[in-house]
Amino acid sequence: MALTVCTWNINSVRLREPIVLKLLQEEAPDILCLQETKCPVDKFPYDAFRALGYQHVIVRGQKGYNGVSILSRVPVEDAGSHDFCEKGDARHVAVRTGSGLTIHNFYVPAGGDIPDVALNEKFAHKLNFLREMQEWFRAEPPRNAVLVGDLNIAPREDDVWNHRQLLKVVSHTPVEVEQLTLTQGAGAWVDITRRDIPEGPLFSWWSYRSPDWNAADKGRRLDHIWATPDVVDRSGGSRIARHVRGWEKPSDHAPVFAEFDV
DNA sequence: ATGGTAGGTCTCCTA
């Protein structure tokens, strides 16, 4: 059975409930992982998603910030969440499918503006978060697993609109890319999007501050889909639904898709 | 070098 997985930083699930419904209707992923829902658990719009057939809704949330959730139209069970950096942030949740595939949904800290841990505690938090991911994957090596989410790092030169210009911009600095690479290695994760689309510019995020995001195309690939080696041969179909960035009242992120045979 | 937009919440923080 083919399972379509989608990851999307939604930047307020309540404000963008209409376009989440539109995505579910037009693309019908089996599993949709959302980040930055900015919504407490008790205010999550469960019913609207269930009405479209997404009966399984796993939510972690807090007031105002962060928040991750997983909507599924195939049976999944809550596989728990990890509290990185002991801040109590809702930045991770996992589910397990009936076939035994584990799906991790991550929202890695953005890291603020200044790429210096001595001057910016948010940048330090981002790097510490990635180090704790590494510790976790080393202690409990993931198997039969998929990792998706807004990792807030564009690792490759062709994951940003201008490599040289972004070397000192948070999301593309060498120290962040190094930590992301170490995180990938710690779980033996394979970047499925780049396995499927190996060459060329590929973005999932365009700033709201850019007046003409589509024409200027100053994007970055911040949203990722990874899989463990035992899943890689059963994966494919990667794509980024760039047109969704142009919908009414859009998120600044576009949804990223991949398919898995389970 | 700078400032640009957006969302949540309660006055400014975060992205």
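Order of the sequence lines fixes the chain letters, A, B, ..., with proteins taken first and strands second; residue numbering starts at 1 for each chain. Source: prediction; values computed, not measured.
Using a 30° and 60° split on the angle between ring planes, A:F203 and A:W206 fall in the perpendicular class, above 60°.
Atom C1' of nucleotide B:dA1 and atom CD of A:Q165 are separated by 12 Å, given to the nearest angstrom.
Each of A:F129, A:Y107, A:W136 was scored for a ring pair (Phe, Tyr, Trp, His ring centres under 6.0 Å) with A:H92, with one residue passing: A:W136. Across A:I70, A:L147, A:V146, A:V5, a single residue satisfies side chain to side chain contact (heavy atoms under 4.5 Å, CB included) together with A:N105, and that is A:I70. Looking at A:R96, A:H56, A:R60 one by one, the single match for side chain to side chain donor-acceptor pair (under 3.5 Å) with A:D78 turns out to be A:R60.
Going from the P atom of B:dT5 to that of B:dT11 covers 24 Å, rounded to whole Å. Nucleotides B:dT14 and B:dT9 are separated by 11 Å at their C1' atoms, to the nearest Å. Atom name C1', nucleotides B:dA15 and B:dG3: the rounded distance is 15 Å, in whole Å.
For the atom pair CZ of A:R16 and CG of A:N11, the computed distance is 4.5 Å after rounding to the nearest 0.5 Å.
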Output one letter per nucleotide in nucleotides 5-15 of chain B: B when a protein non-hydrogen atom lies under 4.0 Å from the base, S when only the sugar-phosphate is that close, - when neither is.
BSSSS----SB

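Contact detail for A:S72 and A:I31: the closest heavy-atom pair is OG-CG1, 3.5 Å.
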